[in-house]
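First comes the structure, then the notes that go with it.
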Amino acid sequence: MSSEAFYTDALGRSGRRNRNWYSENLLNVLEAAKEKQAREIDASIALAKDLLQILNSPRKKPELVPPHDLVPSEANCLMKPIEPEVLDLLYGSTEKGATFKYLNARNKKSPEEKFNYRVTTNLEYGWQHKQSRVPPRDFNRGRCAILRDTFYRKNNLAPDPPHYAQPAGGEFSICSVYSCNF
């Protein structure tokens, strides 16, 4: 028995145990609290009766879903055939970067153009991407110039404002603990 099955079974058993406790003890506990006049509890008793009515109502039996009929295809393969000109990049070239050119040519096609169906869960990200309403935003693959766009000025330097200038008028002095010279 796998751990997932164990936890599923334990969750179901604890749910049944909670339902049984509520159906047997909830009204008794609320009535006892009402007799002790601990607080206004009439609304809670009405809610508990509604809850017990829901718990005791008959449940629908689950419907069996008929299995889907699979139509076997003639070419029972995962990938669609690769174009001859793309294969020629890989097998017909003697250059050193032939694999890189082949992978770039294959990367230009979307997953639904390369595969018959989603083979892995990773293909779900790009599957039928052309039908999506929102166009992709990150065309830079995460490399964006945040510092250049936000930190540096986009216009020429301006002179300092007047309040940055030297203090106008008056004398300044250097004071120390022993003397103060004006």
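For the numbers below, each heavy atom of this structure counts, side chains included, while hydrogens, waters and symmetry mates do not.
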For [X], does the [atom1] atom sit with more than 12 other heavy atoms under 6.0 Å from it, leaving out its own atoms?
{"X": "Lys49", "atom1": "NZ", "result": "no"}
{"X": "Glu85", "atom1": "CD", "result": "yes"}
{"X": "Glu24", "atom1": "CD", "result": "yes"}
{"X": "Glu95", "atom1": "CD", "result": "no"}

If you measure from [atom1] on [X] to [atom2] on [Y], what distance do you get to the nearest 0.5 Å?
{"X": "Thr8", "Y": "Arg13", "atom1": "OG1", "atom2": "CZ", "result": "11.0 Å"}
{"X": "Leu87", "Y": "Arg106", "atom1": "CG", "atom2": "CZ", "result": "8.0 Å"}
{"X": "Asp88", "Y": "Lys101", "atom1": "CG", "atom2": "NZ", "result": "11.5 Å"}
{"X": "Ile82", "Y": "Leu89", "atom1": "CD1", "atom2": "CG", "result": "11.0 Å"}
{"X": "Arg16", "Y": "Leu11", "atom1": "CZ", "atom2": "CG", "result": "9.5 Å"}

Single-linkage hydrophobic cluster Tyr102~Phe100, side-chain heavy atoms < 4.5 angstrom: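 Shared cluster, no.
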Co-membership, hydrophobic cluster, residues Trp21 and Leu47, 4.5 Å side-chain: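 Per the 4.5 Å side-chain linkage, Trp21 and Leu47 are not co-clustered.
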Least distance between heavy atoms, Asn116 atom then Lys80 atom: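 Looking at all heavy atoms of both residues, the closest pair is OD1-CG, 3.1 Å.
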